[in-house]
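Everything below concerns the one structure shown next.
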Amino acid sequence: MTGPVVVVGDTLLDRDVEGVVNRLCPDSPVPVLDETAHVDRPGGAGLAAVFAAAQGAEVVLVTALADDAGGARLSSLLAEAGVQVYPLGLYGGTPEKVRLRARGRVLLRHDRGGVAGTPGEPSEAVLRVIARASAVLVSDYGRGVARQPALRAALAATVAPVVWDPHPRGPAAVPGVHLATPNESEVRELVQVPPGATRLATASRGAQGLRRSWRAGAVAVTLGGDGALLCHAGGTPLVVPAPANAEGDTCGAGDRFAATASLALARGALVSEAVQEAVAEASAYVAGGGVATALPPPVRPLPPAVSGPAGGRVGVAATAGVVSAVRAAGGTLVATGGCFDLLHAGHVATLQAARQLGDCLVVCLNSDASVAGLKGPDRPVIPQGDRARLLAALSCVDAVMIFDESTPHAALSWLRPDVWVKGGDYAGDGGEPALPEAEILRRWGGHTVVVPYLDGRSTSGLIAATRSTGTARAGGPPLADAVPPTGPPAGPAPGGPSARRSTSTEGTR
């Protein structure tokens, strides 16, 4: 492969709620499910991207994310799975599918999120990544991403093989796709086939009709446990039987099929070889337990909400409200991040400078677990709830979002700020590399800048000075030794003299 595998489409938030049923509801003859556990995962195009990344490929997901808690959760899940998200805005809510399960069987599916929202325009970075892809999978779930005109133009222009996994409510594939992968019910909805024919004849006629109307190279109709039927330019279809007719949860089997076929085409396989590999992989997926066993362990849930007077400006919901209002007014969204342990004057100077660059400032705050992973078990000195309250109490801070990961990359993919700010001094020589967040910001056309901090202010220095006096934390051991500075220097601030990145993860030293 010379480029990433790019997945384009609608991403949903899927939740499996496991429980036990021991009684009926007293006011209606329906079972009562007592929840014992739940697992969140990306659905739709997000699930296909996770499957491709799990097979070792470099995967880019072009999808629409909403300014709500569901969008933030999806960003965390996708980042944990190693998927590079190139987000589009979504004017609407995150679609969610909740499956209520008992003893491994689905009792009910509850869909929420309302009608499909409108995806935003793709950035130049999105169009470039499609152009250099080794293969493209369009995973259409009928919610609008596959209809986006600029994306469709880029998909039609790419020289990479394109696999189109269609949806009956979605648009036709762009002309010239290498392979379309509808299932039986989808092909019957997409193509009018005379009734009364056998199963194979119906699939064959539907596939040939779809191939002609879409001007596709080939169409593979998936037949569940019976494999797939492939129609291409020749008159005789190829039937690819499944290795074994496995019983089990088929949720995600179509995404597994399409992702596997895309990876095979990216490696240079023939379409027939790609379909055979996809049938084998999807069959093994179902036989192995389906989505419950195929995905990596779930990431931690979102950090809990912060209560108290400043709690109204802390958390995903509070942040989503601020971000939505600023975007609706056409304003500039500024964000910064770090640990902000022992808030000091250097922090405040950076935050005030950042707020002057736009219409709101969101602070991405490392959680306690994240700080401990970065700085050791003796940090943070101040717990995340108190750190968040202190930040939210500052007039220059509009909202605080706590994140658990070691970097703010997942939070940034959801926030999509126009400007990302880091604190730094101006002692560099101009030859330093760019900030690590710069590549993330370029995905949606954002910018990174460095602002000066007050020299001599350092959380680590404060801890060391306090420890040297023998002062201890209330109810705890003496404060930790100063943490050695780590991290690479940063590039010059735009429009100013050369700058070097702060040696602390707290935004300023």
Side-chain angles (χ1 to χ4, degrees), residues 4-18 37-90 93-99 101 109-113 119 137 139 141 143 145 249 251-252 255-256 259 285 290-304 315-317 319-320 364 366-367 369-370 373 401-416 440 443-444:
V5 173
V6 177
V7 180
V8 178
D10 313 290
T11 299
L12 304 85
L13 180 60
D14 285 353
R15 170 170 288 192
D16 279 357
V17 177
E18 295 286 348
H38 70 264
V39 175
D40 295 340
R41 66 175 182 276
L47 183 60
V50 170
F51 284 153
Q55 298 186 48
E58 179 190 359
V59 177
V60 164
L61 173 63
V62 177
T63 194
L65 294 178
D67 296 329
D68 58 15
R73 181 64 170 149
L74 281 172
S75 291
S76 294
L77 293 166
L78 292 164
E80 186 77 7
V83 175
Q84 302 173 40
V85 179
Y86 280 59
L88 313 175
L90 178 60
T94 297
E96 299 182 35
K97 292 183 178 180
V98 183
R99 302 196 306 167
R101 300 163 48 96
R109 198 183 88 183
H110 173 205
D111 289 4
R112 57 193 181 195
L137 167 60
S139 183
Y141 273 74
R143 298 192 66 90
V145 171
D249 186 359
C251 177
D255 298 301
R256 189 65 166 245
Y285 165 82
V291 71
T293 59
L295 293 187
V299 297
R300 293 181 293 271
L302 291 172
V316 171
T319 303
C364 300
N366 294 74
S367 70
S370 176
M401 176 184 174
I402 303 173
F403 66 94
D404 257 340
E405 296 81 15
S406 60
T407 72
H409 294 175
L412 288 174
S413 292
W414 173 62
L415 285 172
R416 304 187 311 280
I440 305 290
R443 295 176 185 176
W444 55 86

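FYI, the numbering just counts along the sequence from 1.
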Minimum heavy-atom distance between A45 and G9, given as atom pair plus value = CB-C, 3.6 Å
Would V5 and L137 count as a side chain to side chain contact (heavy atoms under 4.5 Å, CB included) if you check the C-alpha gap in whole Å, the side-chain angles of each, and the deciding distance to 0.1 Å?
-> CA-CA 8 Å; V5 173; L137 167 60; 5.5 Å; no
Taking atom CZ of F403 and atom CG of N366, what is their separation to the nearest 0.5 Å?
-> 3.5 Å
Hits for side-chain contact (heavy atoms from CB on, under 4.5 Å) against D67, two or more places apart or cross-chain, chain-then-number order -> V323, S324, R327, R416
Nearest-0.5 Å distance, NE2 of residue H409 to CG of residue L78 | 15.0 Å
Can you name the residues that form a salt bridge (Lys or Arg N to Asp or Glu O under 4.0 Å) with R15, not counting sequence neighbours?
-> D40
Residues two or more places apart in sequence or in another chain: which of them pass ring-ring contact (aromatic ring centres under 6.0 Å, His included) with Y141?
-> none
For P87 and S413, work out which heavy atoms get closest and say how close.
-> CG-O, 3.4 Å
If you look at every heavy atom in L74 and P42, which pair is closest and at what distance?
-> CD2-CA, 3.8 Å
Could you tell me which residues satisfy side-chain contact (heavy atoms from CB on, under 4.5 Å) with R143, sequence neighbours excluded, listed by chain and number?
-> D10, P95, A116
So, for A66 and G93, which heavy atoms are closest and what is the spacing to 0.1 Å?
-> CB-C, 3.9 Å
Just how far is it from atom CG of L13 to atom CG of L77, taken to the nearest 0.5 Å?
-> 7.0 Å
Qualifying residues under salt bridge (Lys or Arg N to Asp or Glu O under 4.0 Å), relative to D68, sequence neighbours excluded = none
Taking it one step at a time, do T319 and W414 satisfy side chain to side chain contact (heavy atoms under 4.5 Å, CB included)?
-> CA-CA 11 Å; T319 303; W414 173 62; 4.0 Å; yes
Check: T11 main-chain N/O paired with T63 side-chain donor or acceptor under 3.5 Å | yes
Verdict with supporting geometry, L47 and V291, side chain to side chain contact (heavy atoms under 4.5 Å, CB included) | CA-CA 9 Å; L47 183 60; V291 71; 4.3 Å; yes
Shortest non-hydrogen pair, A53 vs A81, comes out as CB-O, 3.7 Å
Between the OG1 atom in T407 and the CD1 atom in I440, the distance rounded to the nearest 0.5 Å is 7.5 Å
Is there a side chain to side chain contact (heavy atoms under 4.5 Å, CB included) between T94 and L65 once you walk through the steps?
-> CA-CA 7 Å; T94 297; L65 294 178; over 6 Å; no
Only counting residues at least two apart or in another chain, list the ones meeting salt bridge (Lys or Arg N to Asp or Glu O under 4.0 Å) with R443.
-> E439
Roughly how far apart are D16 CG and R109 CZ, rounded to 0.5 Å?
-> 11.0 Å
P119 and L90: which non-hydrogen atoms are nearest, and at how many Å?
-> N-CD1, 4.3 Å
Could you state the interatomic distance from OG (S75) to CG (L415), rounded to the nearest 0.5 Å?
-> 8.5 Å
